[in-house]
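Here the structure is laid out as structure tokens; the discussion comes afterwards.
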Number of protein chains: 2
Amino acid sequence: MDTPLPKAAPVRTASLGKREQTKAQNRELILDAARQVFAELGFGATTVRDIIRATPLASGTFYNYFKSKEEIYQAIQDDVALAIRPRLREERLNAKSVEEFISSTFRTFFEFVSEDRVNFQTMRHSADTSRFRVDTPETIAGFAELREDIEKAIAAGLFPPVDADYLMAAIVGVAFEIAERIAHRPDHDPAAAAAFATALFLGGIRTLPVAAPLTAGTA
Amino acid sequence: MDTPLPKAAPVRTASLGKREQTKAQNRELILDAARQVFAELGFGATTVRDIIRATPLASGTFYNYFKSKEEIYQAIQDDVALAIRPRLREERLNAKSVEEFISSTFRTFFEFVSEDRVNFQTMRHSADTSRFRVDTPETIAGFAELREDIEKAIAAGLFPPVDADYLMAAIVGVAFEIAERIAHRPDHDPAAAAAFATALFLGGIRTLPVAAPLTAGTA
DNA sequence: AGCGGTCCGTGACACGTCGTCAACTTTCCG
DNA sequence: CGGAAAGTTGACGACGTGTCACGGACCGCT
């Protein structure tokens with residue numbers, strides 16, 4: 001569609017040859033279809049056939065790109081984890097105090113997930129009867145990174161010498177569980193959630209911010 | 001096997017008739033098989049056929065007792081939740097202080113899961129690549145109960161007026177995530193884990209117990 | 001341009017699981 | 001004892017799975 005280029009050099013620059021091009025295109029085609037179908041049906045109800053049907057491709061082609069439903073789901077999740085992991089790490093490494101370390105972690109995480117429609121839609125659909133969380137290699141690496149950063153912070157005297165493994169687990173547990181609650185609430189408010197989690201980790205229950213009185217619950 | 005009872009009354013007392021008897025027996029047969037197969041294969045890899053094959057029954061019979069793999073899994077999980085829920089509730093209602101409320105919750109929960117082989121085996125197997133948690137109706141009711149108890153504790157002046165929903169989520173998140181870590185560690189120590197979680201909720205990171213120096217991590 | 005080699009999309013295939021159902025067996029009760 | 005009700009059985013059609021021989025399009029070389 002650009003300049004027709006009389007017939008000159010079959011440049012190996014921008015387009016890497018038709019082969020590579022359709023390969024990348026097909027991969028994106030399948031991934032997009034998968035994201036959509038997962039969001040619509042949930043992970044459990046989705047079949048490889050559903051995904052490939054949402055695509056102009058044949059069923060066999062799927063297996064040239066992914067081994068199974070599990071693998072493509074992992075690929076999708078990994079993309080998400082890959083997007084947030086460096087941001088989290090950077091903020092933690094720049095942290096000058098426990099406060100900064102904790103609050104930036106929660107703030108960034110909650111902001112991210114409250115913007116990430118697709119992924120949380122998928123989780124929700126399974127929520128009818130059961131909910132599940134998939135920890136991909138990338139996610140697990142992110143957890144390990146958090147633990148390392150905690151250990152570094154301890155070595156630097158920023159944190160008291162606590163059990164880094166348990167502390168990591170506690171942060172992860174609270175982050176995911178509260179993220180779920182954010183998604184369930186009418187007003188998604190990542191900032192308030194981050195304030196809550198941060199106060200909890202810094203000073204415990206007694207220093208938590210007082211709840212808005214509207215949280216009546218029943219009726 | 002007891003006294004042969006010449007031919008007297010076909011008593012409707014201890015044994016409720018052969019019909020009811022085999023019905024209950026078959027149900028237990030299927031449930032036992034399911035527990036075993038789930039623990040061996042994990043939830044995802046298990047099929048209804050696998051379960052029924054571990055049984056002397058025919059495939060159609062399964063569906064007289066459970067609608068699907070999901071439903072029987074829920075039934076199993078519900079049994080577990082049913083066993084621990086009243087204990088947790090009782091301890092919380094007897095709590096005279098924030099300390100008691102929090103510490104008894106974590107202690108009871110961690111002790112329970114560290115004894116519950118079957119259930120955590122199942123979770124583990126999926127852990128190769130992905131992990132998941134199923135929240136059954138009974139489990140969800142347990143969460144709601146925790147939130148109600150928090151609200152009661154706030155009303156009674158035991159807790160400051162915090163966001164009960166978020167606090168519940170935080171407790172649940174930490175409880176499950178740390179339970180997972182306990183299972184992964186060589187020395188299952190529910191008491192230490194409970195002490196950690198309790199200190200976190202009562203006073204925040206700075207009041208956490210100091211870790212045993214052996215937690216080297218690498219090597 | 002033309003030509004072999006390679007890559008990869010294609011859809012049919014063999015196999016297994018799913019949930020159902022008509023036929024059969026066992027229990028119940030008058 | 002005999003008929004009705006309850007429950008078990010295994011075969012069945014529909015569907016999903018992963019594979020593979022085929023064939024057409026692309027690549028690089030002459």
Side-chain angles (χ1 to χ4, degrees), chain A residues 5-34 37-38 40-75 126 129-130, chain B residues 5 7-34 37-38 40-75 129-130:
Chain A
L5 276 186
K7 65 170 54 181
V11 264
R12 187 78 345 125
T13 51
S15 51
L16 308 86
K18 184 109 179 191
R19 210 112 248 179
E20 300 289 325
Q21 215 170 321
T22 52
K23 205 168 168 181
Q25 189 191 330
N26 282 352
R27 196 188 149 87
E28 268 325 299
L29 229 46
I30 295 175
L31 278 171
D32 283 346
V37 175
F38 278 136
E40 199 165 325
L41 302 179
F43 178 79
T46 298
T47 71
V48 171
R49 251 54 175 189
D50 289 332
I51 296 172
I52 210 65
R53 244 179 253 126
T55 252
L57 305 170
S59 63
T61 304
F62 177 91
Y63 296 96
N64 287 341
Y65 293 89
F66 303 97
K67 276 212 295 293
S68 62
K69 174 173 83 158
E70 279 73 18
E71 192 177 289
I72 194 173
Y73 191 74
Q74 269 199 15
S126 337
T129 51
S130 66
Chain B
L5 275 186
K7 65 169 55 177
V11 264
R12 188 81 339 130
T13 52
S15 50
L16 309 86
K18 184 107 179 193
R19 207 110 249 181
E20 300 290 325
Q21 214 170 324
T22 53
K23 205 168 167 181
Q25 189 190 331
N26 283 352
R27 196 189 149 87
E28 266 327 297
L29 230 44
I30 295 175
L31 278 171
D32 283 346
V37 174
F38 278 136
E40 199 165 326
L41 269 43
F43 178 80
T46 298
T47 71
V48 171
R49 250 55 176 192
D50 289 330
I51 297 173
I52 210 66
R53 243 179 254 124
T55 254
L57 306 170
S59 63
T61 304
F62 178 91
Y63 296 97
N64 286 341
Y65 294 89
F66 303 97
K67 276 212 297 290
S68 63
K69 173 173 83 158
E70 280 73 18
E71 192 177 289
I72 194 173
Y73 191 74
Q74 269 199 15
T129 50
S130 65

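Naming convention: chains lettered A, B, ... in sequence-line order (proteins, then strands); numbering from 1 in each chain.
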task = Give the C-alpha distance, both sets of side-chain angles, the deciding distance and a yes or no for side chain to side chain contact (heavy atoms under 4.5 Å, CB included) between Ile72(A) and Tyr65(A).
result = CA-CA 9 Å; Ile72(A) 194 173; Tyr65(A) 293 89; over 6 Å; no
ask   = For the pair made of CZ in Arg27(B) and P in dT8(D), what is the distance, rounded to whole Å?
value = 13 Å
inquiry  = Could you tell me how far apart Tyr63(B) (OH) and dC12(D) (C1') are, to the nearest whole angstrom?
reply    = 14 Å
ask   = Any donor-acceptor pair under 3.5 Å linking the side chain of Thr22(A) with the backbone of Gln25(A)?
value = no
key: d(CG, Leu41(A); C1', dG16(D)) in whole Å   = 14 Å
key: Letter per nucleotide, 5' to 3', of nucleotides 5-12 of chain C [B base touched, S only sugar-phosphate touched, - untouched; heavy atoms, 4.0 Å]   = -BBSBBBB
Atom pair distance, as rounded to whole Å: CG in Asp50(A) and P in dC15(D) = 12 Å
CA sep, side-chain torsions, deciding dist, call: Val37(B), Glu40(B), side chain to side chain contact (heavy atoms under 4.5 Å, CB included) = CA-CA 5 Å; Val37(B) 174; Glu40(B) 199 165 326; 5.6 Å; no
key: Whole-Å gap separating C1' (dT8(D)) and CD1 (Ile30(B))   = 11 Å
task = Given side chain to side chain contact (heavy atoms under 4.5 Å, CB included), test Val48(B) with Phe66(B) step by step and report yes or no.
result = CA-CA 10 Å; Val48(B) 171; Phe66(B) 303 97; over 6 Å; no
task = Calculate the interatomic distance between Arg53(B) atom CZ and dT9(D) atom P; express it in whole Å.
result = 15 Å
key: Set of residues satisfying side chain to side chain donor-acceptor pair (under 3.5 Å) with respect to Arg49(B), sequence neighbours excluded   = none
task = Round to the nearest Å and state the distance from Lys18(B) atom NZ to dC28(C) atom P.
result = 8 Å
note = Separation of dT26(C) atom P from Gln21(B) atom CD, nearest Å, is 16 Å
ask   = Taking the six-membered ring for Trp, are Phe38(B) and Tyr73(B) parallel (under 30°), tilted (30 to 60°) or perpendicular (over 60°)?
value = perpendicular
